[in-house]
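Note sheet for the following structure.
In what follows, chains are A, B, ... by sequence order, proteins preceding strands, each numbered from 1.
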Number of protein chains: 2
Amino acid sequence: MGPIRLMLTGAGVTEQQWRVLRVLAENGVMDPTALSEASCLLLPSLTRIVNYLEKQNLVTRARHQTDGRRFLLEITPLGNALIASNIPHSNEIYAALEKQFGPDKMEQLLDLLQDLSNIDLK
Amino acid sequence: MGPIRLMLTGAGVTEQQWRVLRVLAENGVMDPTALSEASCLLLPSLTRIVNYLEKQNLVTRARHQTDGRRFLLEITPLGNALIASNIPHSNEIYAALEKQFGPDKMEQLLDLLQDLSNIDLK
DNA sequence: GTCTTGTAATTAACATGTTAATCAAAAATA
DNA sequence: TATTTTTGATTAACATGTTAATTACAAGAC
């Protein structure tokens, strides 16, 4: 995935940081558990990533109003700007990949992977 | 992949260490470059893994006779014993997965992944 | 209300992923 | 042959993956 890596290097974020920001941009406020699920990251990794993104003023962390265990994460305007200025290029790269691979094959592949991940051995 | 992780924990190795040992058991003597390719690891990761496996007396490292830059890696009898005593269980797990997923779908999936990895987005 | 149990998130410790820099040895070139 | 270039492997630095332990708070049971 060379082109994607290039785009991310230009944006100054890693794959995982990009994924976290993109999910937050799409979903608005989320708690760490939901965000980790949606961004395919384990909680310990997400904790470190959010710590870093918070220092860069790309996301904010606030305590939940009623449940003192939970936190609420939200992307900042700076974070949204980073996404907005790179998402077109990102989408172009994905579209080019899908076109070259074949939209039909892409759909087959995603279906098969979904089926595989639903398997519970035993 | 819970069952595989369980097996590996029982054997006392990680996924990557297991892969390196298995490839060496199947292919005999290999240099780091070939081994990294065959075990899907980048060279820096492989270097660390081989360092560890060498300390555990699971592999040996020797200089190449004619090319002073290269090394020759080989699995030890202890390493072979580790593989031999766990490979039957490993094969059972894979067979169960293939059966539950469907051998036809498994083949389709592997073919699609191979095609995808062959794509070179210019 | 106290005690127990469960849950959300973090921290700790170690292994691997990733890119760049380094080093030694081989190969190519003048 | 001396110089340059290339190659094989390692090291360095930082980010993430992974499992276990820990902490703080919430919810239930008594």
More than 12 non-hydrogen atoms from neighbouring residues, nucleotides or ligands closer than 6.0 Å to [atom1] on [X], yes or no?
X: Q100(B); atom1: CD; answer: yes
X: E37(A); atom1: CD; answer: no
X: E54(B); atom1: CD; answer: yes

[X] [atom1] to [N] [atom2], straight-line distance once rounded to whole Å:
X: E54(A); N: dA9(C); atom1: CD; atom2: C1'; answer: 14 Å
X: R70(B); N: dA25(C); atom1: CZ; atom2: C1'; answer: 12 Å
X: H64(A); N: dA9(C); atom1: NE2; atom2: P; answer: 9 Å
X: N51(A); N: dA12(C); atom1: CG; atom2: P; answer: 12 Å
X: R61(B); N: dG8(D); atom1: CZ; atom2: P; answer: 17 Å
X: I49(B); N: dA9(D); atom1: CD1; atom2: P; answer: 15 Å
X: R69(A); N: dA8(C); atom1: CZ; atom2: C1'; answer: 6 Å
X: I4(A); N: dT18(C); atom1: CD1; atom2: P; answer: 14 Å

List the atom of [X], the atom of [Y], and the distance in Å for their closest heavy-atom pair.
X: S85(B); Y: P88(B); value: C-CD, 4.2 Å
X: A38(A); Y: M30(A); value: CB-CE, 4.1 Å
X: P3(B); Y: L121(A); value: CG-CB, 3.9 Å

Inset, instruction - Would you sort out whether H64(B) and F71(B) count as a side chain to side chain contact (heavy atoms under 4.5 Å, CB included), showing the intermediate values? - result: CA-CA 5 Å; H64(B) 192 279; F71(B) 286 87; over 6 Å; no
Inset, instruction - Ignoring backbone atoms, establish whether R48(A) has a side-chain N or O less than 4.0 Å from OP1 or OP2 of dT18(D). - result: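 Negative; the distance criterion is not met.
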Inset, instruction - Determine: side-chain N/O of R5(A) to OP1/OP2 of dT18(C), distance under 4.0 Å, yes or no. - result: yes
Inset, instruction - Could you check which residues of residues 36-46 of chain B get a heavy atom under 4.0 Å from DNA chain D? Sort them by number, please. - result: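 Heavy-atom cutoff 4.0 Å gives L43(B), P44(B).
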Inset, instruction - Please work out which residues in residues 11-33 of chain B have a non-hydrogen atom less than 4.0 Å from an atom of DNA chain D and list them by number. - result: D31(B), P32(B), T33(B)
Inset, instruction - Mark yes or no for whether S39(B), through its side chain, and R19(B), through its backbone, hold a donor-acceptor pair below 3.5 Å. - result: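 No; zero donor-acceptor contacts below 3.5 Å.
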Legend entry - Check: I83(B) main-chain N/O paired with R22(B) side-chain donor or acceptor under 3.5 Å: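 No, because the side chain of R22(B) does not come within donor-acceptor range (under 3.5 Å) of the backbone of I83(B).
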